[in-house]
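Notes follow the structure.
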Amino acid sequence: MNAPHVGSSVRRNEDERLLTGQALFVDDVHLDGMLHVAFLRSDYAHARIKSIDLSTARSRDDVIGVYAARDLGDYWRPGPLLVPPPPIERLEFHQATQVPLAKDKVRHVGEPIAMVVARSRYEAEDALALIQVDMEPLDAVVDLEAALSEESPRLHEQLESNLAAHVIQEKGDYSAVVDKAARVIKRRFHFDRGASAPMENRGVVADWNAKSGELTVWDTTQAPIPIRNGLARLLDLPEAQVRVIAPFIGGGFGPKIMMFYPEEVLIPWLAMKHGRPMKWIEDRQESFFATTQERGQIHDAEIALTEGGIILGVRDVFWHDTGAYDPYGLTVPINSQCTLLGPYQVPNYYSEFRVVFTSKPIVTPVRGAGRQHGVFVMERLLDIAARELDIDRVEIRRRNLLAPDDFPHDHEIIYQDSAPLVYDSGNYEAALDKAVEKMEYKKFLEEEQGRLRAEGRHVGIGIVSYIEGTGIGPYEGARVTVEPSGTVCVATGVGTQGQGHFTSFAQIVADQLGVTPDRVHVVTGDTSKFNWGTGTFASRGTVVAGSACHEAAVAVRAKVIAHAAKALRADPGDIELVDGWVRVRTRPESCISLGDLAVRANPLRGAVTPGTEPGLEATAYFGPERGTTASGVHAMLVEVDPDTAMLKILRFLVVHDCGKVINPMIVDGQIVGGVAHGIGNSFYEQLHFDKAGQLLNASFMDYLLPTATDVPTVEVDHVETPSPHNPLGTKGVGEAGAIPVGALFAQAIEDALGEGAPEILEMPLSPNRLFELLSEAGYYNSPSQQE
Amino acid sequence: MKPAPFAYHRPGTVEEALQLLADHAGEAKPLAGGQSLIPTMNFRLSQPKVLIDLGKLDDLRGIEAGRSGLHIGAMTTHTDVEKSPVVADLAPLLAETMPFIAHSQIRNRGTIGGSLAHADPAAELPAVMLVLRAQFGLLSNRGHRRVAATDFYTGLFTTALEPHELLATIEIPRPQKRTGYAFAEIARRHGDYALVGVAGAVTLDRKGRCDAVRLALLSVGDGPVTAAGASRLMAGKEPTEGLIREAAEVVATRDIDPPSDIHASVAYRRQLARVLVARVIGQAVRRAGGGAA
Amino acid sequence: MQMSSEFVFAGSREKVWEMLHDPAILAKALPGTKRLEMVGEDDYAGEMQVSVGPVTAASFAVTVKLTNKVPPESFTMVVDGRGNAGYTAGEAHVKLTEQGPEATLMEYSADLDIGGRVAAVGQRLIDSVGKSLAKQGLESINRELTGPVAGQAGGRAGSGLAAFRGKTAITVVGVIIILAALFFFL
Amino acid sequence: MLLSDFLRHELDLTGTHVGCEHGVCGACTVLLDGEAVRSCLMFAVQADAAEVTTVEGLSSKSEALAASNGDADGGPRLHVLQEAFREKHGLQCGFCTPGFLMTLIPFLRDNPSPSETEIREAVSGNLCRCTGYQNIVRAVQLAAERMGSEPGPLS
C-alpha cells in the first residue's frame, strides 16, 4: 500500500497552469462578436431619481444599447433572500433585497442606475458620461444608532423604520447572576468596515446560443450551482439549458458567493436580448461600491466574574450594519453572537442585536463573517477583567476554558446554519499551552520586556483564543470516475478560489484508489460537470465537498475491487490498489491496470449484470449533521514607537486545530493568508464613510492592503482533535487566520505601552488613530516626552 | 476605468515637441513617465485632448557631472538616477532619497522631470531640490530660462512652468564642504506617499557651529515647505541635542501648516514633523562631522 | 468637507458687500464660469468648466440660492454643483464685520458634501485644496477691491450671485483640483 | 488603449492580469526591454519598438535554463522561479502571481543573493491577498539558491 497522501504536503495540481499564465479567469474569456457593458452608478448615497435621459447616449454610433430600470420590464424584480433567518423565537426580520437597476431611489453610492452596451469597454465608458440623471438628494443614513431614531430618514419606504432585524438569544439567566458577581466589567466596542479586496474583481461573461437554446455564463462566483438554478428561474429556462462556469477565480473571501448581484442577473439578460456574447468586468473602483463588504458593529457588552476570574455570565447588546439591503439574512450577526462565547465555559449569556439598514454598500460575509467581532468583545473583556482582578491574562483564560471532556458542548443557542450551537470537539488548553511555551511568555514578561524598556523600546506580547464554527451543511456532492486511461476524474459543485481543492480533493481520492494525486483530475465550478451543490463559504469546502469526494471514492473503490476480484479470480479481500494497478496481495504478478479495469467495466458487447452500473464511477453526497468547531490561539510580539505611533510585528504564532489535516502546506497557507487579512483589518484597512455616506477611500491608494513589508513571517503549529462529524475528521480553516487578530493587536499594543496605556476598544486602528488615543491618554504630556 | 479618447503625438526631437506644445497650448499634456497622469486618466478625472509623449526625446535623458555640479535630463528615469554612481557622489541626498519613491516598477518608468513638474505636495524630489538649491532649465519654442527650485513651486500643483514650456534639465551644485545631508519620511506602507517627509542639509563652520541649516518638508503644505524658522534658530549656534529639539518644535508648531486627511490629522502630522526633523538634523550634523549631536 | 476661515479686505463693509455681489469682478477673479443666469430672485443656475493643473475639462452644472440676507452683514448660500466627476452640495455662511474705515473682516464657514469620484479618490488633497483655493480666491477679490476696477463696481441690486459664484468656484475648483493629484510620480 | 488591455485582448496573452488599473497592485507587471513596469500605466503605443516580455514568455524562453524538473510526460518546463513558487506554495488563487514573477525576474538578475528584507522590499509594490507573502519570500530564496548554482535566467 502506498503511503497515504492525505496528511502530506503534496504540490498543487493547479499551479502549473497558474504559473505559466495558462489558467482561465473570467476576463480571459474571448468570444466572437462579444460586446462590453459598463454601468452608470450613483454618486449619491441616498437620493430620489426624478428622471433619466438616455437619448444622447443612445444616439452615439458606437453604442449598441442603453438601459435603465424601466427598460427591463418584468425582468426587473428584487433579488432573492439568500439565507432565510434561523428559527429563533421572537425573531423579527424585515426583508429588503437589492434590485438590478435602481428605479425610484438609490440607497448607496455605486448602486447601478443604467447600463451601456458597446463594442469595447472604452466606448461603453465614453457613453456613460452622456446619460443624464436628475436626482433629488436625500439625507444619508450612516450612524447605526441614529438610524433607528424617529427622526432618521428611512431607506425603505415600505418598512416602518431602518430596522432590518431584532434578535435575542439567551442561555441561563444573566440578570440573576450579575448581582452575585464579584466584578462586572462594561465597555462599548466599535468595529468598522473593510473590503474583501480579492486581487481579481468580479466579472460575468454570458453567451446565448439561440439555436440550441443554451445559455453559458462564466461568473466569478463561489457558488455556481445556486447561480445556475436562480438564472434558469429568472430567465424562464430549464436548468439543464443553463451552464454556469466558475473557472479559476482570483480570490473570493466571501462576497463572490451566490449574491445575484445586479450584473450577474443583467449580463445574461443582455446576451439573450442582443443575441451576442456580453462581458462585464468590474473595475477596482466599482468593486469598492458594488461588491459587498463587512464588519460595521457597535457592542455594549458586559461580563460578570467571580473574584477568581471565573465567568458567571456575559451580556451583549449590539448593532449590526447591513448596508442598504439584507439579502444574506442574519448570517453575520449570528456568527458574532455565537462566536463571542469562544472556547470558554459561559453559563449565562444574554445576547441581543439589531440589524440596521444604512445608506452604504451591502454587507454580507467577508472572511471571518462576524466572528471577529465576537472574539474581539470576549477577549477584550477578559483582558480588562484580568487587569482589574490582577490575574495573569493567560491564567484567566485557562480558568475558563472548556475541558477536553466537555464535548460535545451545547451552548443552548442557535447557530447561523439553523442548528443548535454545539461544539463537536476540541482541546483548548493544549493549544494555549503550546503557544505559551513557544512564545516563552513568562520569560518575556519577567525578563525581556523590562530589559527592552530600559533600552527605550516598547515591546508587548499578546495571546488570544478563539473558536470558529466551520464546515456547515446542508450538503455537497462529488462524482468520481476512473477513465480508460487510468486517469481519475472528480467533479464537485463547489467553486474554488485558491484553496487548493484541485489538490486536496485529489489527495483524498488518490488514497482510496491507489494512485498518485497528480493522476486525479479535479473539476470544480462547472454546472455541466456536476449538478448539485451549494458553494464554497463558511470554511466548508474541504470538510463537506472533501467528505463527499471521500465517500464517492470509497464507492468506486468497492466497484474496482468487485470487478478486479472477478477478473483476477481472487477473493475481494485479497485485492489491493497500488500505483495505478489493481492486484492480488498474495501474488502481485496477477494484476490489471486501473485503466484496463475501467474498460472492462464498460463492455461494448455482452451484458452488464442487472442491478449494477457500467463503469468505475460513483456519485456521493455528504451532509454533515452539524458543523465542526475549529479553534486556535494566536500570539504576537509587537513593538510600538510611541513617538510616531507606528508598529512593528516582531513575532507571530498561530496554534490551530482544524482536526485532521489533509495537506499541511495548503492548511498553513490558508492560516498565514488569513493572518495577513487580519493584520489588514487591524491596522491598515478601513473603509471611511463620511456623514453623507460617501466612501472616502475607494482606491488601492487609500485603502491599504498590507504588503510584504507589513506582514511578518508567521509560525504555525497544530493541535489535532478530529471532528466526529465527517469521515475525514477534518474541520474548516479558510477563515481562521483572520478572526482573532484584532483582539491580539489590542492586547499586545496595550502591553507594549504598559502603565497608562489607552484602553483599545475599537478596530481597526491606524497610526493616526493610535496617536489620537495616546494623546487622549496624555502620553505626549508626560515628563518623559518633555525632556 | 479606461481613459477617455485623446490625440497622441510622439515627437522625435525637442524642437518638434516644443512646437506641438505651442500649437496645442492649453489642451495638451506632456506625457513623461505617465505614472501620475495615466492613473488619473484611467479614473477619467483627467481627460486631456492631446498627449505629447516625450518618450523619444533622448536629448532630455542623461546624467552628467559638470564643473559646477550635476546635470540631469528631465526624462531620466528614477531608476537611472537611483543607480547612478555620479549621483551618489555629487548628490548623496538625492541618491539616498530615490528608494523612497514609490516602487521599482514605478521608478523604472517615472522620470525626475515629470515628478518635479507635477509638483505633488507629497513628492520627495521637490523638497530635495530645495535643500540642494537646484536650478531648473525650462525650454519653449521662444527660448530657454533658468529658474531656481525655490522660485519654481508657486502653489498646489502649480509651478513657474508656462503652458508652452517644458522642464528640460535639473542642475544641482556640488556638495559644500563640512555639509551633511539626510532624508527621512514616514509612510503607511513601504513606497506609499509619505505622511510627512523631511530633507535636510547642515553646513558646519570650522568650530562646529551651524553655518547653514536647510530643511524642506513634504506632505505638510501646498508643495515642498521650507522650514525657515528652524534655519534661523540654528544659524551660528552649536547643534546640541537641546537646540535640535527646539528647532524641531519650531518646525512642528510654526514653520508648517499641515493639512489633515484620513491618514493623518493636523496634530499627527505636526508630531511626525517634530520627530523626523530632529532625526534628520541629528543625522546631517553627524555626517557633516559634528560631534555634539 | 468643512471649511472655515477669515479674511480682512482692504475696504469698507459696504464696498466689500458690493464687491461680493458684483459678478463682473468676481468672474475675473475666478475663471471657469461658462454661463451663470438668474433664474429667480436670489436663485441662480449656471455651468462651470474648470481646468486646473493636470485636470482638464471637468464640467459642472451649478445652482445656488441665497438666504438669510442681512445687507451688508451676512448671508447664506445653498450650493449644489453636479458633474461627471462628482458633486458638491451644502451651505456656506458669510459674515462681514467692520474693523475700521478701510478694513472689513469676512468670516466664512462652509459645510459641503463632496461626492462621487472626487470624494472617492481625492481625499489626500481635499483639505489642501480647500485651504489653498479659498486663499487664492479671496486674495484675487482683495486685489480687485484695492485696484482700479474697484471704483467701477456697480453691483446689480439684489444680486448675490457673484458672491455665490466666488464661493462655488472656490468649492468646485477645490473639488476638481484634487483630481490633479492622484498619486505617484510622473 | 492601455498596454495591459492590448496584451490581453488584442494579443490574447491573458497571463498578464489586471487588478487595479491605477498602478498599485502590480498584477499587470511585465518586462519592458527587460525591466519591470506596470502595463496598466502605459499606453500600448508607447511600447512601439520595445521588447515586452509577459509571463507566457517565461517558461518557454528560459527552458534551457530551467531546473531539471521537466515533467516526464513532456509537459512544459517551468522556469526555476516558477518551480520554486510551486514547491514553496507561493501562490493560492494565482491571480497576482504573474505580476510577482515578472517583478522578481529582473530583481534576481540584479540581486542574485538577496536578503529577506531585500526580497520583501522588492515585492512591496505587488499585492497578494491570499498568501500572506511568506511563501513567496521562501520561493524567492529557493530560486536564488538554485540559480546561484546555475547560469542566470533571462540575463
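In what follows, chains carry the letters A, B, and so on, assigned in the order in which the sequence lines appear, proteins first and then strands, with residues in each chain numbered from 1. Values reported hereafter were calculated over all heavy atoms of this structure, with side chains retained and with hydrogens, waters and symmetry mates removed.
- Contact of the D:Asp110 side chain with the B:Lys83 side chain is registered, since non-hydrogen atoms from C-beta on lie closer than 4.5 Å.
- Contact annotation: the side chain of B:Arg109 approaches that of D:Val37 to within less than 4.5 Å [non-hydrogen atoms, C-beta and beyond].
- For chain B, the nearby part of D:Asp5 is the side chain; its heavy atoms alone come within less than 4.5 Å.
- The side-chain contact (heavy atoms from CB on, under 4.5 Å) check on D:Pro106 picks up D:Leu31, D:Glu35, D:Ala36, D:Arg109, with sequence neighbours excluded.
- Between B:Ile38 and D:Cys40 the shortest heavy-atom distance is CG2-O, 3.8 Å.
- The shortest non-hydrogen separation linking D:Ser124 to B:His190 is OG-CD2, 3.0 Å.
- In terms of heavy atoms, D:Ala122 sits closest to B:Ser104 at O-OG, 4.4 Å.
- Environment of CD in D:Glu116: crowded, with over 12 heavy atoms of neighbouring residues, nucleotides or ligands closer than 6.0 Å.
- A side-chain donor-acceptor contact under 3.5 Å links B:Arg10 to the backbone of D:Val45.
- Proximity of a side-chain donor or acceptor of D:Glu21 to a complementary backbone N or O of B:Lys2 within less than 3.5 Å is not detected.
- Taken to the nearest 0.5 Å, the CE atom of D:Met42 stands 9.0 Å off from the CD atom of B:Gln35.
- Remark: B:Met41 CE to D:Phe43 CZ distance equals 4.0 Å, nearest 0.5 Å.
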Step-by-step side-chain contact (heavy atoms from CB on, under 4.5 Å) determination, B:Gln105 to D:Asn126: CA-CA 9 Å; B:Gln105 299 102 321; D:Asn126 292 73; 2.8 Å; yes

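- Heavy-atom minimum distance, D:Gly23 versus B:Ile106: O-CD1, 4.0 Å.
- In this structure B:Arg188 satisfies the salt bridge (charged side-chain N to carboxylate O under 4.0 Å, His left out) test with no other residue, sequence neighbours excluded.
- B:Leu31 places a side-chain heavy atom less than 4.5 Å from the side chain of D:Gln46.
- Rounding to the nearest 0.5 Å gives a distance of 9.0 Å between CG of D:Leu2 and CE of B:Met1.
- With a 4.5 Å cut-off on non-hydrogen atoms, B:Arg189 touches chain D through its side chain but not through its backbone.
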